[in-house]
Amino acid sequence: MNATKAKDHPKLDGRSAVLYRGPYRAPNRAYMKAMGLSDSDLARPIIGVGVAWSEAGPCNLHTMDLGRKAKEGVYYNKGTPRMFSTPLVIDGVAMGYEGMKYSLVSREIIANTVEMSINAHAYDAFVGISGCDKTTPAMLMASARLNIPSIVLYGGSNLNGYLNGKVLTMEDVFEAVGQFAGKRMTENELKELENNAIPGIGTCAGLFTANTMGAMAEVLGMALPGSSAPPAAEGIKSDYAYQTGKTVMELLENDVRPKDIMTYEAFGNAITALMAMGGSTNVVMHLMAIAHEADIKLTLDDFDRIGAKVPEIANMRPGGEHTMEDLFRVGGVPLVLKKLLKAKLLDGSVLTVTGKTMAQNIGAIKLGEVKNDVVVDATKPFNKRGGIRILRGSLAPDGAVIKVAAAKITKLKGPAVVFNSEEEAFAGVTKGIVKPGDVVVIRYEGPKGGPGMREMLSVTAAIIGRNLGESVAMVTDGRFSGATRGLMIGHVSPEAHIGGPLAFVKNGDMISIDCDAGKLDLEITKSEMEKRRSKWKQPELKHKSGLLAQYAMLVSSASKGAVLNP
Ligand code: FES
């Protein structure tokens with residue numbers, strides 16, 4: 001076929017035509033022919049298949065295989081796929097170490113990498129394959145920013161780990177470290193857990209951040225219905241990958257774009273599902289960041305308002321008992337959506353990547369009546385309110401976030417034990433400095449001050465491991481892993497580095513937490529607060545050069561999704 005004429009696809013007046021049509025573009029075509037592409041291939045739309053891949057951990061080890069399958073779906077439906085990879089951070093590996101500062105940073109790097117690869121090479125549409133925590137929000141952010149026909153496939157979680165008949169996830173290993181430190185577990189027992197907790201490829205098995213974000217891609221309408229819950233090792237994932245490639249060609253054909261799908265109503269649905277499932281607190285920030293790219297105004301108030309009327313209907317780890325594999329076996333994310341649609345808690349009229357509405361998609365999925373305690377009817381919920389609460393008060397004027405779904409106690413008033421970094425706090429907890437009734441404060445771990453809002457999983461797991469989970473609270477301007485449980489409040493805004501009240505807390509100050517009332521207060525007088533503020537000096541940024549320094553200069557508040565301000 002002559003490369004200047006598109007005969008097999010009616011929509012070839014797209015972006016890539018600029019690079020491959022006419023005699024002046026002979027050099028561009030020559031590069032492509034060096035890779036075995038023909039004039040006929042170049043006359044088709046060129047589809048960028050962006051794969052977050054790495055051998056740094058099991059989460060994204062298989063995503064290249066899914067990418068290749070998605071390429072087949074593109075190719076056999078009249079597109080020419082070109083695969084590219086993005087970097088990523090495996091959160092669980094970087095946890096409890098300086099490297100974790102790069103985790104949230106990676107979200108922006110991945111989104112930027114996709115933007116760069118797609119725009120530099122004038123691809124016509126985008127398929128994003130994700131896995132570990134930041135990769136799914138990043139793919140969705142990039143989709144919204146580029147606003148070319150796009151679809152996302154989440155790579156899926158681990159299968160359940162087992163030891164002596166008990167289901168294990170990585171959360172058990174983190175908490176076991178605390179038990180070991182508290183002399184409640186031997187080193188051999190710890191080793192046994194380490195050897196059995198993660199049986200193979202895929203993301204962490206509970207409803208932690210990666211699995212919650214996978215579900216969100218589906219609820220937002222940007223991933224195929226039913227594609228998120230199958231674990232990475234399930235063969236059906238490969239079928240979804242092929243279908244994902246096929247579907248992006250239909251999106252291109254019909255010129256359906258991410259901003260047609262990711263509307264305010266779609267974000268409302270995502271928040272509803274997040275609350276109903278009791279998902280990760282990180283997702284609050286990620287949804288705000290994706291909405292920001294889609295030019296949708298989403299605030300913490302939206303989470304508060306929706307959370308107040310949505311019951312918690314899923315029994316998922318870390319607050320409950322089940323894993324993503326368990327959810328898959330009883331119907332996956334469509335089961336959750338069926339229950340929420342039935343209760344009229346979702347807007348089923350929103351458009352999705354199938355070209356159909358959410359209600360049409362879910363109506364077409366027949367789920368056998370599987371008796372289960374993974375997801376229950378909204379009429380008999382586990383809790384009347386959603387799993388995440390936004391707290392405000394004198395310690396968090398711009399808001400803070402807690403996963404009440406994973407907390408056994410929801411109120412505490414106690415003396416502050418203040419640490420200026422995660423490392424200090426971990427040492428304090430493992431040495432036994434923290435006592436029942438205390439409120440652990442970890443500050444200067446915010447978006448700018450950290451920088452990068454490290455996740456405090458090592459510290460929270462150590463608290464649980466020392467059997468303090470129901471008597472100690474934590475308050476931080478950092479984040480938590482989706483696997484964190486207990487009365488752990490993160491994203492406290494404004495952060496300490498820019499003079500948020502967290503910076504003025506002293507050891508022994510009383511902190512009052514009331515999740516039911518949505519309150520987080522430092523019990524000192526206003527005049528005392530102002531006195532401390534006037535004496536406070538802003539610390540210098542911790543990094544003077546390199547990526548973390550650039551990030552710290554550009555990043556916004558957690559209460560706004562920690563997006564980068566140009
Ligand atoms: Fe990747 Fe947990 S470390 S999902």
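In each ligand, atom 1 is the first atom listed, and ligand 1 is the first ligand listed.
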| field | Per-atom contacts of ligand 1 with Ala210, taking only distances under 4.0 Å to non-hydrogen atoms | value |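 Within the 4.0 Å cut-off of Ala210, ligand 1 contributes 4 (S).
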| request: Just jot down the ligand 1 atoms closer than 4.0 angstrom to any heavy atom of Asp133, in number order. | output: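 In order of numbering, the contacting atoms are 4 (S).
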| What's the shortest distance from atom 3 (S) of ligand 1 to any protein heavy atom, and which residue and atom give it? |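 Nearest protein contact, heavy atoms only, for atom 3 (S) of ligand 1 is Gly92 N, 3.2 Å.
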| query | Less than 4.0 Å between a side-chain N and a carboxylate O, is that true for Lys134 and Asp91? | reply |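 Yes, charged N to carboxylate O under 4.0 Å.
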| Can we say Asp326 and Arg317 salt-bridge, meaning some charged N sits less than 4.0 Å from an Asp/Glu carboxylate O? |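 Looking at Arg317 together with Asp326, the answer is no, because their closest N to O distance does not fall below 4.0 Å.
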| task | Determine, stepwise, if the pair Met262 / Glu293 fulfils side chain to side chain contact (heavy atoms under 4.5 Å, CB included). | result | CA-CA 10 Å; Met262 289 193 276; Glu293 298 286 357; over 6 Å; no
| task | Determine, stepwise, if the pair Ser143 / Val152 fulfils side chain to side chain contact (heavy atoms under 4.5 Å, CB included). | result | CA-CA 9 Å; Ser143 302; Val152 169; 4.2 Å; yes
| message | With a heavy-atom distance limit of 4.0 Å, tell me whether Cys204 approaches ligand 1 through its side chain, its backbone, both, or neither. | response |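 For Cys204, the contact with ligand 1 is made by both the backbone and the side chain.
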| Should we say atom NZ of Lys560 is surrounded by more than 12 heavy atoms from elsewhere, each under 6.0 Å from it? |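 Counting other residues, nucleotides and ligands, NZ of Lys560 stays at 12 neighbours or fewer.
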| message | Strictly under 2.8 Å, is atom 1 (Fe) of ligand 1 approached by any N, O or S atom of Cys132? | response |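 A backbone or side-chain N, O or S atom of Cys132 is under 2.8 Å from atom 1 (Fe) of ligand 1.
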| said: Between Cys59 and atom 2 (Fe) of ligand 1, is there a contact where an N/O/S atom of the residue lies under 2.8 Å from the metal? | reply: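 It does not: Cys59 brings no N, O or S atom closer than 2.8 Å to atom 2 (Fe) of ligand 1.
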